[in-house]
Structures are given as C-alpha cells and as structure tokens.
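All figures in this text were calculated on a predicted structure; none of them were measured in a lab. FYI, the numbering just counts along the sequence from 1.
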Amino acid sequence: IPGTGPSGRIHFEIAVGATILSNGNVVVADRRASTLRVFDRKGQPVKEIGRRGSGPGEFQRVDWLGQCGPDSLFVWDRVGQRLSVIDSASRFVYQGRFPGETGVRGTPMLLSCSRNGAMVLLTMAPIRATSSAFLERGQSNVVRMDSRGASLRVVTSVSGSERVAVDDAILPRPLGRTTTVGVSRDRLYVGTGDEPVVSAYALDGKLISRFRVGVQNRKPTRQEHDRAVDRMPPIAVPALWGPIRERLRRQRDRKSTRLN
C-alpha cells in the first residue's frame, strides 16, 4: 500500500502498525494523523476510524495497534494514556485509562497481544535528563495483564533498551541495543539485543527455551551510526537539535554499541 495515491492523496503519514481483518481489509495506524486507515484487498482506501482529540471515538496520538481478538482492534494512545477497543463494525466499544495504577515501577513503553487476548506490557525504569549527555539502560519489567489493562503481574525483568539523556531530552540510542516483547496464545517472547537470542517463557514467567536467530551482533561503522543519528526525528525545540545531534555522534565509539 503506497503512502500516497495516484492523485497525491495521502494514505498515511507515519504508519506505526497494521493488521489484516478476516475480510482481507488492511488497517493501518497513522500516528501523525491520529487515525486508523482501512484499505481493501487491492490497497484502495475504504474508510477512516477515529480522529484527533480527547473525546469519545478520538485519539490524542495513535502509538500502537493490535488485533487482540478476531476482528477486534486495540489502540494504545500513550499521550492520552488510554486504550480503545473497536469491534468489527468499526464501533468504539471501550475506551479507558491504560495502563491503570500498575503498582509496577517504570514507564510503559511497548505493548503486545495475541488474538486470544493475552497481553503484555514492557516498562522501562525512568531516568532524568541532565546538562551532560549520558548513556542509560537499566532494567525493564515484562508485565502480564488482561485485555483491559487490569490483573497486572510482573512476569520477568530484563535489560532495557539503551537511551541517551541530554538537555532535557531522552532519546533512543541510535543503533543501540533494543529490548522488545511479543506474545502468542501460550508463550511470551523477549529479545534484549545483547545477543542474537530470543527467550521463550510460559505466560506464568517460567523460562522454556532460548533460541538463536540468524543474525550476528556487530559494531556499526561510523557512517552507519552518523546516518542513524541524521534520520532521527528532531526534538520539539529545533535550536537544541544541532548540539544534541553532535553529542549523539560522539557516542559512536562506545564499546557497547551493537546493531540489532
């Protein structure tokens, strides 16, 4: 599906997720437009679901889209701290605070679900930016929950994603080690970027196996690192972006840098 049609009409601007419905339609979550865009099997626009706002049927920002049940769309709005559930008729059947009072230390960063309703949340330990750049990683909690963000329970703790904190901005480290999670009907999968291995857990947190994937970690070249820095979206204050970008470039020679 192209980002624009033959007439120049925008199909989507920043796609942050997509899923296929049982009728073959494809739903794309567009972060910049704060909407879901539906396309048919041929890639033609069908309709849009939701719009920017904080009221019923609206999103302040679309950060994640999942199909956590047959033809049931789940949308996470991190800015609005809200989860929306949309049925097969494109009706909003639920919108509520997400996550609720977790009782788990850390900032919600990543969500994953399976089509039978299993849902996990990855949280990251909060850090405070300072006037001098520094690299931080810390621990992340993998939290099991139900499809409304309740019944929270920490399944395991793992090394978090690398972040750079500088000048009141906290940014992902370009080409740094990244922690991610996924969930299936009865398994939870975690990768930390420390090595080309995915750990598989039962949903109760018991480690079942670790399996290697067909890539090898390596230190990125200077050109790869600088290109990744240049591709990062600028922060909200453009005047600060130049100095921050140079500080990020100086992080390139740290030994811990790896490609994921």
Val190 and its side chain to side chain contact (heavy atoms under 4.5 Å, CB included) partner, picked from Val197, Val198, Val142: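 Option passing the side chain to side chain contact (heavy atoms under 4.5 Å, CB included) with Val190: Val142.
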Reference residue Leu122; test side chain to side chain contact (heavy atoms under 4.5 Å, CB included); the match among Thr179, Thr180, Leu111: Thr179
Please report the closest heavy-atom contact between [X] and [Y], naming both atoms and the distance.
X	Y	answer
Arg52	Ser34	NH1-OG, 3.1 Å
Ser90	Ile49	OG-CD1, 3.6 Å
Met145	Leu121	CE-CB, 3.3 Å
Pro196	Val215	CB-O, 3.1 Å
Met124	Met109	CG-CG, 3.2 Å

Candidate pair Glu195 and Arg212, rule side-chain contact (heavy atoms from CB on, under 4.5 Å), full reasoning: CA-CA 9 Å; Glu195 53 183 332; Arg212 301 187 68 83; 4.3 Å; yes
A side-chain contact here means heavy atoms from C-beta on lying under 4.5 Å apart; do [X] and [Y] qualify?
X	Y	value
Pro108	Arg78	no
Leu203	Val183	yes
Ser88	Leu21	no
Ser159	Gln139	yes

Distance in Å, Trp64 CH2 paired with Asp77 CG, rounded so as to fall on 0.5 Å steps: 13.0 Å
Ile14 atom CD1, neighbour heavy-atom count above 12 within 6.0 Å: yes
side-chain contact (heavy atoms from CB on, under 4.5 Å) between Asp186 and Asn116, worked out: CA-CA 9 Å; Asp186 57 358; Asn116 68 326; over 6 Å; no
Geometric class of the Phe92/Phe59 ring pair [parallel <30°, tilted 30-60°, perpendicular >60°]: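 The rings of Phe59 and Phe92 sit tilted, inter-plane angle from 30° to 60°.
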side-chain contact (heavy atoms from CB on, under 4.5 Å) evaluation trace for Val181 with Val158: CA-CA 11 Å; Val181 296; Val158 296; over 6 Å; no
Residue pair Val155, Val120: steps toward the side-chain contact (heavy atoms from CB on, under 4.5 Å) verdict: CA-CA 9 Å; Val155 175; Val120 293; 5.5 Å; no
